[in-house]
Peer 1: 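Handing you this structure, nothing more for now.
Whatever order the structure lists ligands and atoms in, that order sets their numbers, starting from 1. Remember, predicted model here, so these are calculated numbers, not experimental data. Position 1 is the first residue of the sequence, and the numbers go up from there. These values consider heavy atoms only, across backbone and side chains, with no hydrogens, waters or symmetry-generated copies.
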Amino acid sequence: MPSFQSLGLIAKLVKAVSARGYTEPTPIQAKAIPAILDGRDVMGGAQTGTGKTAAFALPILQHLFVNRSGGKAPRALVLTPTRELAAQVEESIFGYSKGMGIYSCAIYGGVKMPPQVAKLRRGVGVVVATPGRLLDHASGGTVDLSCVEVLVLDEADRMLDMGFMPDIRK
Ligand code: AMP
């Protein structure tokens, strides 16, 4: 089994995962992390609970950290089918990114807009969002998606089942 380090992750992130008690990468992490670090497009499939979030979150954080930019607009966008998943994914990213100076926020409906606007305005590297609320921010001019370099469609199959395709295309 490869180690996190042998997948190409920087020491900071290897520390972050060992601090969480991960001793070795899961199969999807072993396959996806080197490919994403290489800048390739990846489509991954694995059961829930097999470490998919870290499989995309770790290489994204590494990319943002290694290629720092002074901008405030998000450079990575993760779309999820549900609010619960958006909150959960953002929490994981928050955990892995501690001490890296990379900020993230979750953007989803059913809650007030102003706190989300305030976070976006302060500047975030990673936005985790449900499509509908993200479009509300985009049309209101409160999120600038012109700097997005990495796009993740989390649980893409479920998003398609839920009829999000028109929103995702937009
Ligand atoms: P996920 O499939 O992304 O929802 O992750 C499921 C759970 O596995 C989460 O609680 C993660 O913190 C945990 N996890 C992710 N990667 C690893 C790993 N390499 N070793 C142990 N636990 C992990």
Side-chain angles (χ1 to χ4, degrees), residues 1-67 74-111 116 119-120 124-134 145 148-165 167-168:
M1 204 55 183
S3 64
F4 280 106
Q5 199 167 8
S6 73
L7 300 181
L9 289 176
I10 54 174
K12 227 177 179 43
L13 286 167
V14 173
K15 249 196 206 162
V17 292
S18 30
R20 294 206 134 203
Y22 306 175
T23 51
E24 57 182 27
T26 65
I28 188 143
Q29 291 166 357
K31 284 193 175 153
I33 290 173
I36 300 171
L37 286 174
D38 233 21
R40 291 193 305 201
D41 289 329
V42 170
M43 182 166 80
Q47 297 295 316
T48 329
T50 50
K52 271 181 287 170
T53 312
F56 64 77
L58 298 172
I60 287 175
L61 289 170
Q62 177 151 327
H63 171 73
L64 299 186
F65 184 75
V66 172
N67 308 284
R75 297 170 62 202
L77 173 63
V78 182
L79 294 179
T80 71
T82 64
R83 297 165 191 176
E84 293 74 19
L85 186 60
Q88 194 185 315
V89 167
E90 196 276 328
E91 200 179 287
S92 295
I93 292 176
F94 175 78
Y96 301 131
S97 63
K98 266 186 195 146
M100 296 182 86
I102 298 168
Y103 302 97
S104 55
C105 72
I107 298 291
Y108 48 81
V111 296
Q116 298 180 346
K119 280 186 192 159
L120 290 166
V124 281
V126 187
V127 166
V128 185
T130 52
R133 177 55 71 96
L134 182 71
L145 297 175
V148 171
E149 297 163 46
V150 191
L151 172 66
V152 178
L153 302 177
D154 199 4
E155 299 198 355
D157 47 354
R158 215 164 132 205
M159 278 202 278
L160 294 181
D161 288 346
M162 290 167 70
F164 276 129
M165 202 56 207
D167 280 357
I168 291 170

Peer 1: For T53, take its heavy atoms, then give the atoms of ligand 1 lying under 4.0 Å from any of them.
Peer 2: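 In order of numbering, the contacting atoms are 1 (P), 3 (O), 4 (O).
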Peer 1: Answer yes if a protein heavy atom lies under 4.0 Å from atom 7 (C) of ligand 1, otherwise answer no.
Peer 2: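 No, there is no protein heavy atom closer to it than 4.0 Å.
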Peer 1: Please could you name the atoms of ligand 1 that E24 approaches to less than 4.0 Å, counting only its heavy atoms?
Peer 2: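 Counting from 1, the qualifying ligand atoms are 18 (C), 19 (N), 20 (N).
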Peer 1: Counting neighbours of CG on D41 that are heavy atoms of other residues, nucleotides or ligands and sit closer than 6.0 Å, is the number greater than 12?
Peer 2: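 For D41, atom CG is not crowded (no more than 12 foreign heavy atoms under 6.0 Å).
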Peer 1: Quick one: does any side-chain atom of E155 pair with a main-chain N or O of T80 as donor and acceptor, under 3.5 Å?
Peer 2: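 Absent.
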Peer 1: Between ligand 1 and Q47, can you find any atom pair, the residue atom being a heavy atom, that is separated by under 4.0 Å?
Peer 2: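 Not so, Q47 does not reach ligand 1.
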Peer 1: If the plane angle is over 60° it's perpendicular, under 30° parallel, otherwise tilted; pick one for Y96 and Y22.
Peer 2: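 Taking Y22 first and then Y96, their aromatic rings stand perpendicular (interplane angle over 60°).
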Peer 1: For G49, take its heavy atoms, then give the atoms of ligand 1 lying under 4.0 Å from any of them.
Peer 2: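 Every atom of ligand 1 under 4.0 Å from some heavy atom of G49: 2 (O), 6 (C).
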Peer 1: Heavy-atom distances under 4.0 Å are what count here, so tell me which part of F56 touches ligand 1: side chain, backbone, both or neither.
Peer 2: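 Near ligand 1, F56 shows nothing, with every heavy atom at 4.0 Å or more.
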Peer 1: Nearest 0.5 Å, what's the OH-CG distance between Y103 and L120?
Peer 2: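 With rounding to 0.5 Å, OH (Y103) is 15.5 Å from CG (L120).
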Peer 1: Using atom types as modelled and distance alone, determine if a side-chain donor or acceptor of Q62 lies under 3.5 Å from a backbone N or O of I10.
Peer 2: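 Yes; judged by distance alone, with no hydrogens or angles, the pair exists.
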Peer 1: Closest non-hydrogen protein atom to atom 2 (O) of ligand 1, residue and atom name please, with distance?
Peer 2: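 Going atom by atom, the protein heavy atom closest to atom 2 (O) of ligand 1 ends up being G51 N, 2.8 Å.
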Peer 1: Record the part of Q29 in heavy-atom contact with ligand 1 below 4.0 Å; permitted values are side chain, backbone, both and neither.
Peer 2: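 Side chain only.
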Peer 1: Under a 3.5 Å distance rule, please check whether R133 uses its side chain to pair with a backbone N or O of V111 as donor and acceptor.
Peer 2: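 At least one qualifying donor-acceptor pair exists.
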Peer 1: Any heavy-atom pair between the side chains of R158 and T82 that's under 4.5 Å?
Peer 2: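 Yes, at least one pair of side-chain atoms sits under 4.5 Å.
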Peer 1: Note the single closest protein heavy atom to atom 10 (O) of ligand 1, along with its residue, its atom name and the distance in Å.
Peer 2: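 For atom 10 (O) of ligand 1, the nearest protein heavy atom is Y22 OH, 5.0 Å.
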Peer 1: If you define the side chain from C-beta out and look only at heavy atoms, does anything of E149 sit under 4.5 Å from N67?
Peer 2: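 Side-chain contact under 4.5 Å: no.
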Peer 1: What atoms of ligand 1 come closer than 4.0 angstrom to any heavy atom of F4?
Peer 2: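 Those of ligand 1 that fall under 4.0 Å from F4 are 19 (N).
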Peer 1: At under 4.0 Å between heavy atoms, which part of T50 makes contact with ligand 1: side chain, backbone, both or neither?
Peer 2: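 Backbone only; the side chain of T50 stays clear of ligand 1.
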Peer 1: Could any protein non-hydrogen atom be found less than 4.0 Å from atom 19 (N) of ligand 1?
Peer 2: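 Yes, at least one protein heavy atom sits under 4.0 Å from atom 19 (N) of ligand 1.
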